[in-house]
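The block underneath contains the structure these notes are about, expressed in structure tokens.
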There are 2 protein chains.
Amino acid sequence: MRQHDLSLIRQLPLFTAIEESHFALLMKSALLQRLPEGVLLIEEGNRPDFLYVVVEGTVELFAGDRYRETTIDILSPVSTFILAAVARDEAYLKSARTLTAARVLLIPAPAVRNMLDRDTVFARAMINELAARYRDIVPKLKDQKLRSGAERLANWILETRRSQGSPDYIDLNYEKRTIASLLGMTPENLSRALAQLAAYGVVSHGKKLQIIDKSALETFARTNAVGNRYN
Amino acid sequence: MRQHDLSLIRQLPLFTAIEESHFALLMKSALLQRLPEGVLLIEEGNRPDFLYVVVEGTVELFAGDRYRETTIDILSPVSTFILAAVARDEAYLKSARTLTAARVLLIPAPAVRNMLDRDTVFARAMINELAARYRDIVPKLKDQKLRSGAERLANWILETRRSQGSPDYIDLNYEKRTIASLLGMTPENLSRALAQLAAYGVVSHGKKLQIIDKSALETFARTNAVGNRYN
DNA sequence: GAAGCGCGTTGATCTTCGTCAATTGAAGAC
DNA sequence: GTCTTCAATTGACGAAGATCAACGCGCTTC
């Protein structure tokens, strides 16, 4: 593994404060895999063998059966995933696949659990991380239960705008169908919702969206009411 | 606080393995409150002062604004809540109110965080607990995104049946409107969904439901999760 | 017992969303 | 350049769900 990758991983909240020797120990047993697009990394229901870290590319977490499926989250570098399953050594609740070609680090689950018992700093970081994950998902549940599809989209646009930093444009980094699945709607309805948001200053330019009137969009989105967190 | 209550709390996964002196320390700074029905314990957006434990009665976790609101969870004794906000010292994402008269234990949040840093066993238990909470909520999100109202109800009935232990009947311990909100539907649609489930062996008797044909109900719950409208 | 109150149910209607089909548009293969 | 392929869009329709209104029923209150 490259030194560059190691230092990126080291900067993750989960690892940043632990002892160098402990970090080295975890990394020693880890595997770095280079994967093409569309590879199934994790299958719902299986037992967790590894803690995963996306080092490069994007990974989609999804759930469902072969008739219906929904996107739970889209992960960009550098982030860990399936912490909860690894911590409890219980079956995955979600599946994961590469959305693009990617490099993924696999840390053996027993090594992680072992370290949790031995390293208090690591344990504390894990608590923060699990709590953060929990706090990511609660707004999503609220979103689904309280808002319409168009409202979810409006909030997602505003949230994405904030995380991407540019005030007037956002990049749709993924296929619209994936975004639709993330937002809990069909691609057709995402299209219609986007058309609807034109009245509130959202203009579609291919894989970019232009935000002409942020405050109008915010009014429509009712951001304050529910809160948001897709990024 | 009564000795009986203390031993109940002590048996919670979060506290069962920690040193007696540490447990005593946490309990020493805790307050036991006796509350009537309908009291707001926690308001979304505020900073967490306490870790809560329901000792007696039931507590509802909910979210939303004054126009729309939804039930996230209903807690029975003995269980902790708002772990994640306390662990990270960040604003509550949900509100909480008593659904019945209740007794609730309040453990000062700083004492909890302090103990997390000092007691590895407690930290490990917190990891397990946070992971469990996360794993509780993921299926709820999947439920909302993948299933219809009637399917959610069917699955909720089966789940409740399992947790209550009696094979033929389940008790609706709460108002139907609360159950509707938990399932993400209106009271009217809950009524209709129940009527719909009569065809699968679910008979309504006031605050009890009779389950005549468990396997038929399971078939409905699972079959529809597969979305086979072609059969 | 009568009246009032609130929950639950039922019916009618409207909105939102999903589904199916047809078409457009953009990117890659040759 | 054209052809192929697949995502995205658009329209038409049907299903699921929300809303509004009316009513029944059990419970409390007087």
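A, B, ... follow the sequence lines: proteins, then strands. Residue 1 opens every chain.
- Across the protein-nucleic acid pair, A/H205 atom NE2 and D/dT9 atom P stand 13 Å apart, rounded to whole Å.
- As a whole-Å value, the separation of A/L183 CG from C/dG18 P is 11 Å.
- The shortest distance between the side-chain N/O atoms of B/K176 and the OP1/OP2 oxygens of C/dT9 is below 4.0 Å.
- For the pair A/I179 CD1 and D/dA8 C1', the computed distance is 12 Å after rounding to whole Å.
- The only option from B/L217, B/I211, B/I212 that meets the side chain to side chain contact (heavy atoms under 4.5 Å, CB included) definition with B/K214 turns out to be B/I211.
- A donor-acceptor contact under 3.5 Å is formed by the side chain of A/E188 with the base of C/dC20.
- For the OP1/OP2 pair of D/dA18 and a distance below 4.0 Å, the side-chain nitrogens and oxygens of B/N189 include at least one atom meeting the criterion.
- Although no hydrogens or angles enter the test, the distance criterion places no donor-acceptor pair under 3.5 Å between the side chain of B/R135 and the main chain of A/A84.
- Proximity of A/T186 to the phosphate of C/dG18: a side-chain N or O atom is located under 4.0 Å from OP1 or OP2.
- Using a 4.0 Å heavy-atom criterion, one finds that B/E175 contacts the sugar-phosphate atoms exclusively.
- To the nearest angstrom, C1' of C/dT9 lies 14 Å from CE of B/M185.
- The distance between atom OH of A/Y174 and atom P of D/dA8, rounded to the nearest whole Å, is 14 Å.
- Nucleic acid contact class of A/G149 (heavy atoms, under 4.0 Å, all strands): sugar-phosphate only.
- Both B/L194 and A/R192 lie near DNA chain C, and the one whose nearest nucleotide falls closer to the 5' end is B/L194.
- For the pair B/R47 and B/Y92, the cation-pi criterion (under 6.0 Å, within 45° of the ring axis) is not fulfilled.
- Comparing atom distances between the A/R177 side chain and each of D/dA16, D/dA7, C/dG8 picks out D/dA7 as nearest.
- Residue A/R147 contributes atom CZ, which lies 19 Å from atom C1' of D/dG17 at whole-angstrom precision.
- Under a 3.5 Å cut-off, the side chain of A/Q164 and the backbone N or O of A/D171 do form a donor-acceptor pair.
- For A/L190 and D/dA7, the CG to C1' distance is 12 Å, given to the nearest whole Å.
- Here the side chain of B/Q144 pairs a donor or acceptor atom with the backbone of B/L183 at under 3.5 angstrom.
- The nearest whole Å value for the distance from the NZ atom in B/K145 to the P atom in C/dT16 is 21 Å.
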